[in-house]
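Some notes on the structure that comes next.
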Amino acid sequence: MKYLRIFSLPCMVLMGLCVLQSGARAQNNDDQPATTVSAVVNVDWRHPSQPFEGWGTALAWFAHVTGRFAEPHRSQLADLLYGRDGLALNIARYNIGGGNAPETASYLRPGGDVPGFWRKPGGRDGTDGWNPDADDAWDWSADAGQRWWLDAIKARVASQDLILEAFSNSPPYFMTRSGLVSGHADALEDNLKPGFETQFSRYLARVTAELERRHGIRFRTLSPINEPNTPYWFSKNTQEGAHWSPEAQSRMYIALAQVLRADGMRTEISGPDETNPQTFFVDWAGMSADAKAAIQQINVHSYEWIGKSGVRDIARTSGKRLWMSETDLSPANVREDINDMRPAIALAQQIIADINGMSPRAWVLWQAIENRSSSDPKNSSNWGLIKADFAHPERPDYQLTKKFWAFANFTKFIKPGYRFLKSDNPDTLVAENPQTKEVAIVVVNPGIVSRRLDIRLPDAQRGKLTCKTFITQAEDKLATLKPTSCAARLSIHSRPMSVITVVANIQRGNK
């Protein structure tokens with residue numbers, strides 16, 4: 001595969017960004033193949049969801065690497081993800097690193113070696129001598145790459161839209177039973193030392209407060225654990241992680257709530273950031289009542305399709321805000337290829353299923369920028385929206401994938417404050433601006449048969465209706481289709497292997 005070398009001329013540097021700005025047009029050949037299916041899509045316009053808070057990405061682990069890229073490359077990447085003319089994301093999850101001992105040989109994956117903010121006590125082994133009240137116990141110069149991204153995002157997102165969350169994958173090495181941030185030797189054993197819940201809470205709270213002070217930001221939420229009740233995290237793994245039983249989770253949430261309250265912090269607690277709904281059910285059922293009360297925002301990952309509506313039910317009955325706080329995917333047996341539509345289709349279907357099934361207030365991708373993967377099919381991956389060469393920070397190559405453009409079909413048109421509407425079509429997402437009544441409809445066609453979908457728009461007869469259509473398919477990247485017929489019964493030609501967004505606006509005349 002040939003990779004694009006990045007130059008300094010604006011439209012050569014940001015080929016993708018320039019396309020977003022210019023609105024390239026796709027041919028609107030409406031001649032349908034003989035194999036076309038038609039369906040009426042019924043939308044419940046009477047019961048909109050709660051206001052959507054937005055789209056985002058975790059900064060782990062790409063920010064640790066790309067935040068140290070040479071200029072202008074890192075700023076170009078920030079423009080692509082958070083700039084108004086890029087994806088216009090407004091949410092970021094900052095990873096508070098645990099950090100291994102300085103003498104531990106490097107074994108974590110590129111970007112996954114996020115440094116901690118502690119400083120090893122002089123003349124001690126570091127396992128029990130760290131004092132969070134001592135000024136020399138902290139190193140605030142750590143994690144410069146990810147902290148650069150905090151400033152870059154703050155500069156690009158309007159303050160009223162920006163939402164930041166801090167999260168942890170592992171305690172620092174000297175608070176763990178294994179002495180490593182990758183987990184216990186036994187993947188089903190908790191790795192935090194017994195009785196260290198308060199010490200770990202003080203670490204997280206202090207880092208959160210200090211980052212807020214130094215960068216002029218606010219973390220609305222803090223999630224102390226990640227995918228806790230899984231067999232993923234073991235000492236020989238290549239990324240940070242820790243197992244937490246439901247009982248251990250309860251102790252941690254209660255301790256963190258007490259520390260935040262004692263420090264006078266407004267930061268809310270989120271969690272448990274479990275890997276899928278089914279495992280989340282086990283966590284939630286096993287937590288104490290006090291731990292559940294301490295959690296103000298339920299975070300769930302959607303790495304499985306089963307049980308999403310059950311997560312929605314728990315959030316509603318408990319009266320808590322719900323986020324789909326992490327997911328990504330790479331279709332099986334599809335080697336890395338930035339131009340392959342199959343990963344883009346999979347991402348679009350994942351988003352639609354998550355929002356229609358879970359009704360989350362936000363949808364957050366795992367890391368938006370991934371290291372280029374091997375050409376070996378067994379190790380190849382289509383994770384991430386942008387593929388970059390992490391090994392050459394001075395002149396990094398990076399490329400936008402089809403997943404980037406498919407994600408843009410959602411993020412560019414469904415904005416914070418919009419409300420989702422239920423439809424009876426599993427491949428359709430409908431959102432409405434409650435102030436302007438503008439409607440954004442995203443339709444994915446994952447197959448090889450063309451579809452004709454008819455959607456009825458309410459009150460369209462009362463004013464002039466205008467529609468704009470944008471398509472991502474094999475030959476197009478969020479291209480603007482030529483205007484089509486637009487009426488109270490909106491007809492959408494959903495082409496094979498495509499993601500289409502239609503923005504309908506009712507311009508009402510004077511009464």
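We use all heavy atoms of the structure for the numbers below, so side chains are in, but hydrogens, waters and symmetry mates are not. Residues: numbered from 1 along the sequence shown. This structure is a prediction, so every number in the text was calculated from the model and none was measured.
In this structure, K415 has no salt bridge (charged side-chain N to carboxylate O under 4.0 Å, His left out) partners at least two apart in sequence or on a different chain. Every ring-ring contact (aromatic ring centres under 6.0 Å, His included) that W363 has, sequence neighbours left out, goes to F407.
Side chain of K308 to backbone of P277: no donor-acceptor contact under 3.5 angstrom is found. Side chain of N90 to backbone of G56: no donor-acceptor contact under 3.5 angstrom is found. Without hydrogens or angle criteria, R419 side chain to S49 main chain gives a donor-acceptor distance under 3.5 Å. R74 places a side-chain N or O within 3.5 Å of a backbone atom of G67 that can act as its donor or acceptor partner. At distances below 3.5 Å, not a single donor-acceptor pair connects side-chain atoms of T401 with backbone N or O atoms of I338. Judged purely by atom type and a 3.5 angstrom limit, N445 uses its side chain to pair as donor or acceptor with the backbone of G447.
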Practice prompt. Output, in order, the C-alpha distance, side-chain angles, deciding distance and verdict of side chain to side chain donor-acceptor pair (under 3.5 Å) for Q258 and S201.
Written response: CA-CA 9 Å; Q258 291 171 343; S201 296; over 6 Å; no
Fill in: Evaluation steps, salt bridge (charged side-chain N to carboxylate O under 4.0 Å, His left out), between E53 and R220
CA-CA 13 Å; E53 294 191 320; R220 189 177 72 177; 2.8 Å; yes
Practice prompt. Decide ring-ring contact (aromatic ring centres under 6.0 Å, His included) for W149 and Y94; before the verdict, give the C-alpha distance in whole Å, the side-chain angles of both, and the deciding distance to 0.1 Å.
Written response: CA-CA 9 Å; W149 271 90; Y94 181 95; over 10 Å; no
Discussion item. Would E210 and R214 count as a salt bridge (charged side-chain N to carboxylate O under 4.0 Å, His left out) here? Give the steps.
Written reply: CA-CA 6 Å; E210 196 67 23; R214 290 172 178 265; 2.9 Å; yes
Item to complete: Start with the C-alpha distance between K387 and E370, add both sets of side-chain angles, then the distance that settles salt bridge (charged side-chain N to carboxylate O under 4.0 Å, His left out), and finish with yes or no.
Response: CA-CA 5 Å; K387 290 289 188 174; E370 284 274 356; 5.4 Å; no
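Note on ring orientation: taking the six-membered ring where Trp is involved, the planes of F200 and Y203 are parallel (angle under 30°, cut-offs 30° and 60°).
Two rings, from F390 and W61, have their centers 6.0 Å or more apart. Taking the six-membered ring for Trp and the full ring otherwise, F52 and F420 have centroids separated by under 6.0 Å. For an aromatic pair to be called close, the ring centres must be under 6.0 Å apart, and W130 with F174 satisfies this.
At a threshold of 4.5 Å between non-hydrogen side-chain atoms, the residues Y82 and D79 do not count as touching. Counting only heavy atoms from C-beta outward, the side chains of D151 and H215 approach each other to under 4.5 Å. For the pair T208/M265, a side-chain contact is recorded, criterion being any heavy-atom separation below 4.5 Å from C-beta on. Within the 4.5 Å cutoff, side-chain heavy atoms of L87 are placed close to those of L385. At least one side-chain heavy atom of L222 sits under 4.5 Å from a side-chain heavy atom of I96. In this structure the side chain of M358 reaches within 4.5 angstrom of the side chain of V300, judged on heavy atoms. Proximity of I269 to T221: side-chain heavy atoms (C-beta onward) are nowhere separated by under 4.5 Å. Looking only at side-chain heavy atoms (C-beta outward), H184 and S235 stay at 4.5 Å or farther from each other.
Seen from the ring of W323, R361 does not count as a face-on cation partner, given the 6.0 Å and 45° thresholds.
The residues D273 and R93 are annotated as salt-bridged, a charged nitrogen and a carboxylate oxygen being separated by less than 4.0 angstrom. Between R119 and D139, at least one side-chain N (NZ, or NE/NH1/NH2) sits under 4.0 Å from a carboxylate O, which counts as a salt bridge.
Side-chain contact check for D113 and Q239: no donor-acceptor pair (N or O, by modelled atom type) lies under 3.5 Å.
The only option from N237, T104, L108 that meets the side chain to side chain contact (heavy atoms under 4.5 Å, CB included) definition with L180 turns out to be T104.
Listed by first and then second residue, the ring pair (Phe, Tyr, Trp, His ring centres under 6.0 Å) pairs that reach into residues 229-258 come to none, sequence neighbours excluded.
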